[in-house]
A.B. asks: 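One structure coming up, written as structure tokens, with questions to follow.
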Amino acid sequence: MDDRSKTALAGHNIERNPGAPLDPSWFEGVGVNLSAVERRTATLTARRSVKKEYQAAWLVKALTCIDLTTLAGDDTPGRVRRLCAKARRPLSDELLDALDLADDPPTVGAVCVYPTMVPPAVKALEGSGIPVASVATGFPSGLTPLKQRLAEIAYAVGEGAGEIDIVITRAHVLNRDWAALYDEVKAMREACGPAHLKAILGTGDLKTLRNVYAASMVAMQAGADFIKTSTGKEDVNATMPVSLVMLRALRDYGALTGHEIGFKPAGGLRTAKDALNWLFLMKEELGDRWLQPDLFRIGASSLLNDIERQLDHYATGRYSASYRHAMA
Amino acid sequence: MGKIRDILRTMEYGPSPESNDHVVAWLQAHAQGFGHYIDGEFTKPGALFEVTNPATGKLLAKATQGSAADIDAAVSAARKAFASWSTTPGHIRARHLYALARHIQKRDRFLAVLESMDNGKPIRESRDLDVPLVARHFYHHAGWAELIETEFPGYGPVGVCGQIIPWNFPLLMLAWKIAPALAAGNTVVLKPAEFTPLTALAFAEICRDAGLPPGVVNIVTGDGAPGEALVSHPGIDKIAFTGSTEVGRLIRKATAGTGKKLSLELGGKSPFVVFEDADLDSAVEGVVDAIWFNQGQVCCAGSRLLVQEGVAERLYGKLRARMAHLRVGDPLDKSTDIGAIVAPIQLQRITKLVDEGARDGATVWQPKTALPSQGCFYPPTLITDVEPASTLAEVEIFGPVLVAMTFRTPDEAVALANNIRYGLAASVWSENINRSLEIAAQIKAGVIWINSTNLFDAAAGFGGYRESGFGREGGREGLSEYLAPKKSAGKAERQEKRPAPLSALPGQSAAVGDGAVGIDRTAKLYIGGKQARPDSGYSYSVVDPHGEAVGQAGLGNRKDIRNAVEAAGKAASWGAATGHNRAQVLFYFAENLNARAAEFAARLAGMTGVSAKEAKGEVDAAIRRTFFYAGFADKYDGAVHSTRSRHITLAMNEPWGIMGIACPDAAPLLAFISLVMPAIAMGNRVIVTPSPAHPLAATDLYQVLDTSDVPAGVVNIVTGERDALAKTLAEHEGVDALWYCGTPDGAKMVEAASISNLKATWTDAHARDWLSGESQGRAFLRRATQVKNIWAPYGE
């Protein structure tokens with residue numbers, strides 16, 4: 001890793017989004033055409049391809065953007081420690097040698113856990129520079145009282161979480177209550193303090209792409225540092241069309257305010273090919289700046305293993321097996 | 001520094017070449033040169049021409065320059081094969097087409113790579129668009145071969161078809177031509193473009209390997225010379241051509257009067273209309289697919305961007321940002337968006353047009369995209385500050401060059417969209433379905449894509465209005481181009497007699513009445529709902545079979561035709577009226593004609609010498625035929641084609657607009673009615689030249705028209721010399737279609753004279769039995785309309 005990307009891995013090196021007053025005119029007149037969006041995403045992934053060492057490098061890049069995640073009811077401190085160990089050292093020494101990255105080994109972008117798992121995660125990642133992200137605010141439904149949701153944020157930040165993945169109240173979007181949505185996210189952003197706020201839109205629940213665009217814009221106006229597709233618990237999670245619309249909203253917000261907002265697809269990204277497709281999407285729609293982990297994260301758990309297997313294939317020329325790579 | 005580390009910093013895509021080993025080996029195996037494919041075999045290579053790879057300028061292969069003798073041999077083989085292929089059961093033909101589709105799929109990557117090497121198009125496009133559509137076309141038409149006997153009763157193949165295809169979609173255009181021809185039982189001689197013959201030759205091998213009977217498909221390569229020989233060959237029954245409007249005109253002229261069926265798919269300058277309520281980011285992607293697809297070498301390319309003024313700068317900004325991401329380069333690289341221009345001469349043409357436009361004050365913008373150092377490449381280009389009067393707004397550039405203009409209102413968008421000689425396609429972007437459909441209905445083009453562009457499917461019709469040609473490819477409407485009514489056996493064809501010259505000499509006035517001084521009754525012309533004196537100031541005597549004058553008719557001239565077309569132009573609301581309204585008018589017309597049936601019968605008997613019974617029969621048939629088309633006015637429905645999921649593809653039958661109709665001398669009332677009624681039932685306005693020898697049945701209709709609520713200008717009648725008037729109609733650029741019933745010479749003249757605006761013509765030089773059922777029906781309605789396919793994707 002060069003110095004620049006190392007800084008990026010260590011945290012965030014951009015001016016944070018201060019938000020903007022709620023202004024529905026930024027999204028209410030904006031058309032989003034489903035069929036046209038689907039055509040773009042269907043052809044986009046067929047328009048770009050990376051091979052050989054380029055593919056290997058792109059997969060390493062994807063790895064550095066992963067929010068390595070465990071969000072299960074049976075999570076324990078032990079499970080979280082195992083995850084953190086993998087986050088610190090995602091690739092084997094053999095693989096690092098083959099990729100010539102041994103003297104500056106890549107790590108994942110962050111580790112993402114439930115609030116009560118923040119303390120063991122912070123401990124396990126001490127000194128690594130890898131931030132701990134915590135979901136909060138009544139994840140995944142977000143339907144606990146606001147006071148409790150804000151307290152949850154304060155707890156996670158207090159335990160050392162550097163990033164908070166909040167969930168929005170989908171009802172506010174479905175009922176077009178933009179002021180309620182704005183106030184809620186703004187309050188959450190205040191509760192985050194120095195921690196970065198990733199706003200999970202729950203796009204699978206929002207159903208229409210116009211809802212996705214509007215919710216993205218309100219979250220950014222309320223001060224979100226990142227917008228994120230899904231909790232991973234909806235029926236449909238990160239899809240390319242949803243991601244494209246969020247990126248367009250993010251680009252429009254940037255054009256209106258000058259602020260750079262991050263993007264995080266989560267749920268459903270399992271293969272190395274998925275990761276490449278999302279990197280293509282970022283590069284084509286937003287440019288190289290959004291290929292860095294301070295502006296792009298992939299919420300995933302099993303993806304890392306597939307990336308390792310593909311990198312192994314690049315290094316050895318043989319197709320690899322899962323059991324040869326350390327579990328997360 | 002390791003390589004991986006460098007790439008992590010630059011995040012470039014790197015090379016991603018599609019392997020071409022198999023294609024190179026195939027080309028090496030044919031290094032001695034390709035012959036033609038005639039009668040199921042490849043001929044020995046003859047005089048060879050070079051086929052180069054436009055991306056490298058390097059030689060790919062040599063193919064044989066076809067001669068007139070080669071065309072002759074190919075047509076003979078096709079004629080011989082026609083006898084058995086046309087009588088092969090549809091089911092067996094379906095098996096053959098299915099086999100071709102399967103073989104194409106089995107060689108899809110080979111064909112895609114070969115196409116990209118020969119044409120320069122990116123492998124993504126040949127792999128994901130061209131070749132899958134080729135296979136789709138053969139599958140679709142395998143189905144038609146099976147269904148044709150039940151779906152098109154009374155119709156059979158046209159015969160031997162000459163097909164000439166362009167270089168922009170070599171294999172796809174081959175499929176669009178060959179699949180329907182074969183499904184309908186025709187045999188073909190196809191000439192691929194000189195720049196790009198290789199996939200056609202690979203297809204010839206597929207025909208051989210798939211066991212297609214010899215002579216059913218013949219392929220002759222070469223430049224324009226064998227194409228000309230094919231067009232003028234007397235053994236050809238139909239010509240299908242895709243290419244430039246200029247060559248289309250030459251073909252129309254060369255085939256005039258030969259009776260060859262003709263379909264032309266020509267150039268375009270298609271509008272891409274973006275309203276302020278459009279999904280602008282998606283519209284930008286639409287533009288990419290419209291004009292930076294296939295290097296912009298697409299006849300239906302959305303090459304004229306019309307954007308609502310208030311969002312123009314925002315859209316241009318988004319476009320420029322998007323253009324910077326387009327990758328121009330090696331067509332075989334999987335990450336290439338824009339490949340090579342097909343040949344140096346095309347590159348020069350594009351460069352020259354853009355440079356001239358810049359000199360004329362247009363603002364030319366190109367991204368700082370790196371171009372390969374060799375080969376034919378041109379960067380994506382956006383040109384603003386273009387006005388409708390600019391050359392760049394009028395001519396087809398046929399390259400990756402978009403010209404942009406703004407509009408203020410929907411009406412102005414339509415006016416600008418239609419302010420062009422072409423009418424192939426259009427794209428309409430708005431999130432308001434009411435607006436989108438209204439604009440789609442108003443744009444004069446054969447294909448309209450709503451919130452989409454360049455969507456194709458074998459089940460949908462494709463083809464143009466105006467100077468973009470006539471005829472359709474794909475779907476039911478495309479198949480009918482390869483079908484003809486089966487001729488009733490043993491019926492000798494008679495020809496219309498050459499008419500005697502009309503005389504305007506004085507002294508022949510009819511002695512009308514019973515010897516007492518009657519009131520003179522001289523028919524004038526009927527223009528714009530009023531009787532108008534002929535511009536010439538002359539009338540001519542109408543005589544009965546004994547040479548006795550029975551009346552006088554105006555001697556119309558070209559100025560009268562001009563006036564009639566003007567009047568028809570003012571009656572445009574007829575086309576927008578409901579079918580029900582038009583039916584009511586036609587019924588009322590029949591009612592009024594019926595009230596005067598005896599008078600018309602007497603007129604016919606006196607003028608033509610037919611018996612009273614025959615005359616009554618003709619009048620009765622005319623009344624009944626009017627009822628027939630009144631009935632059809634609201635029943636000649638379009639279709640919804642089965643194309644893609646969540647897309648409605650509407651095939652709408654639209655009137656041409658203004659039609660010329662030249663009537664025969666036979667059955668002067670019934671022929672007039674048989675031609676005029678289907679035309680106006682479909683919403684056309686007509687300028688009719690009635691029977692020159694027996695015009696009085698038509699002139700007597702003036703009062704029937706007046707009393708039947710036929711709006712002024714819908715039916716205009718100009719009496720006089722048929723061929724002189726028909727020539728003016730054929731040349732008139734405000735006339736959209738022309739039907740001519742007269743002599744073979746006249747038919748030839750009309751077809752040759754129609755080339756200026758490439759109007760659709762229908763000539764009939766054999767004496768029809770106007771009383772028979774063959775002289776009415778859907779065939780007339782089909783000729784009175786053109787099909788517009790509107791694609792409307794849906795979903796939220």
Side-chain angles (χ1 to χ4, degrees), chain A residues 1-2 4-5 29-44 46-61 64 98-104 106 207-211 213 244-245 247-248 251-252 255 279-280 282-285 287-288 291-292 311 314, chain B residues 1-18 122-125 127-129 275-286 288-289 314 317-318 321-322 324-327 333-337 429-432 450-453 455 644 646-647 792-796:
Chain A
M1 297 273 91
D2 65 291
R4 197 179 53 150
S5 59
V30 175
V32 185
N33 188 278
L34 174 66
S35 300
V37 166
E38 286 175 341
R39 266 195 308 279
R40 166 62 172 154
T41 52
T43 56
L44 186 141
R47 281 176 182 272
R48 295 293 180 261
S49 159
V50 282
K51 293 287 169 212
K52 299 183 175 163
E53 66 272 19
Y54 285 88
Q55 188 182 82
W58 279 62
L59 290 174
V60 171
K61 177 61 77 181
T64 65
L99 297 170
D100 194 19
L101 293 173
D103 55 349
D104 192 3
K207 300 295 180 194
T208 72
L209 293 181
R210 280 184 300 134
N211 279 350
Y213 186 93
L244 176 61
V245 170
L247 295 186
R248 286 176 175 175
R251 191 168 61 199
D252 289 345
L279 285 171
F280 295 157
M282 301 308 290
K283 183 175 169 86
E284 291 298 316
E285 288 294 324
D288 292 351
L291 296 175
Q292 303 299 338
L311 288 173
Y314 166 74
Chain B
M1 289 280 270
K3 183 101 193 194
I4 302 273
R5 231 175 280 199
D6 295 340
I7 300 168
L8 275 169
R9 188 173 305 107
T10 64
M11 286 307 281
E12 284 182 355
Y13 288 111
S16 188
E18 175 74 38
I123 186 70
R124 181 195 73 90
E125 294 178 6
R127 178 196 67 201
D128 294 351
L129 293 155
F275 286 94
E276 62 196 358
D277 65 347
D279 174 351
L280 291 186
D281 286 302
S282 288
V284 166
E285 295 305 328
V288 171
D289 291 337
R314 259 179 77 208
K318 282 174 181 284
R322 179 67 180 88
H325 284 271
L326 291 169
R327 293 165 57 86
D333 190 298
K334 292 174 199 164
S335 301
T336 291
D337 293 311
W429 292 75
S430 164
E431 286 301 293
N432 181 333
I450 294 175
N451 291 321
S452 54
T453 196
L455 298 179
R644 302 181 173 201
R646 256 184 42 227
H647 283 66
Y794 61 91
E796 194 189 5

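In what follows, every chain begins at residue 1, and chains take the letters A, B, ... in the order their sequences are listed.
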A.B. asks: Go through it in stages, so that I can follow the logic: the residues are D252(A) and D281(B), the test is side-chain contact (heavy atoms from CB on, under 4.5 Å), and I'd like the CA-CA distance, side-chain angles, deciding distance and then a yes or no.
C.D. replies: CA-CA 10 Å; D252(A) 289 345; D281(B) 286 302; 4.2 Å; yes

A.B. asks: Heavy-atom distances under 4.5 Å only: say whether Q55(A) touches chain B with side chain, backbone, both or neither.
C.D. replies: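 Neither the backbone nor the side chain of Q55(A) comes within 4.5 Å of chain B.
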
A.B. asks: Would you please name every residue forming a side chain to side chain donor-acceptor pair (under 3.5 Å) with D289(B), sequence neighbours left out?
C.D. replies: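 Only R47(A) meet the side chain to side chain donor-acceptor pair (under 3.5 Å) criterion with D289(B).
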
A.B. asks: Is there a side-chain contact between R327(B) and D337(B) (heavy atoms, below 4.5 Å)?
C.D. replies: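 In short, these two side chains touch, coming nearer than 4.5 Å.
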
A.B. asks: Does any non-hydrogen side-chain atom of L280(B) lie less than 4.5 Å from one of W429(B)?
C.D. replies: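 No, too far: nothing below the 4.5 Å cut-off.
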
A.B. asks: Let me know if P15(B) has heavy atoms under 4.5 Å from chain A in its side chain, its backbone, both or neither.
C.D. replies: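 Both parts, backbone and side chain.
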
A.B. asks: Tell me, out of E53(A), R40(A), R39(A), who's got the most heavy-atom pairs with chain B below 4.5 Å.
C.D. replies: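 Heavy-atom pair counts peak at R40(A).
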
A.B. asks: Checking D128(B) against chain A: side chain, backbone, both or neither under 4.5 Å from a heavy atom?
C.D. replies: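 Answer is side chain: those atoms of D128(B) sit under 4.5 Å from chain A.
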
A.B. asks: Could you pull out all residues at least two apart from K51(A) that satisfy side chain to side chain contact (heavy atoms under 4.5 Å, CB included)?
C.D. replies: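 K51(A) satisfies side chain to side chain contact (heavy atoms under 4.5 Å, CB included) with S49(A), S16(B), K334(B) once adjacent residues are dropped.
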
A.B. asks: If you tally heavy-atom pairs under 4.5 Å against chain B, which of R248(A), R210(A), K283(A) wins?
C.D. replies: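 Sorted descending by pairs with chain B, the first entry is R248(A).
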
A.B. asks: Side chain, backbone, both or neither: which part of T10(B) has a heavy atom under 4.5 Å from chain A?
C.D. replies: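 Contact with chain A: backbone only.
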
A.B. asks: What part of V50(A) is in contact with chain B, defined as an atom under 4.5 angstrom from a non-hydrogen atom: side chain, backbone, both or neither?
C.D. replies: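 Contact with chain B is through both the backbone and side chain of V50(A).
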
A.B. asks: Is Y213(A) in contact with chain B via its backbone, its side chain, both, or neither, using a 4.5 Å heavy-atom distance?
C.D. replies: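 Neither part.
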
A.B. asks: Kindly compute the distance separating CD (E12(B)) from CH2 (W58(A)), expressed to the nearest 0.5 Å.
C.D. replies: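 Answer for the CD-CH2 pair, E12(B) versus W58(A), is 9.5 Å.
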
A.B. asks: Would I4(B) and Y314(A) count as a side-chain contact (heavy atoms from CB on, under 4.5 Å) here? Give the steps.
C.D. replies: CA-CA 12 Å; I4(B) 302 273; Y314(A) 166 74; 4.0 Å; yes

A.B. asks: Measuring heavy-atom distances to chain A, does E285(B) have an atom under 4.5 Å in its side chain, in its backbone, in both, or in neither?
C.D. replies: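 Side chain only.
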
A.B. asks: Name the option with the most non-hydrogen atom pairs under 4.5 Å to chain A; the candidates are P793(B), P17(B), S282(B), G317(B).
C.D. replies: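 Highest number of pairs under 4.5 Å: S282(B).
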
A.B. asks: With only heavy atoms counted, which part of L129(B) is less than 4.5 Å from chain A, the side chain, the backbone, both or neither?
C.D. replies: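 Neither the backbone nor the side chain of L129(B) comes within 4.5 Å of chain A.
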
A.B. asks: Between L279(A), D288(A), N33(A), which shows the greatest number of heavy-atom pairs under 4.5 Å with chain B?
C.D. replies: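 Highest number of heavy-atom pairs under 4.5 Å: N33(A).
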
A.B. asks: Is it true that R124(B) and D333(B) make a salt bridge, defined as a side-chain N closer than 4.0 Å to a carboxylate O?
C.D. replies: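 Looking at D333(B) together with R124(B), the answer is no, because their closest N to O distance does not fall below 4.0 Å.
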
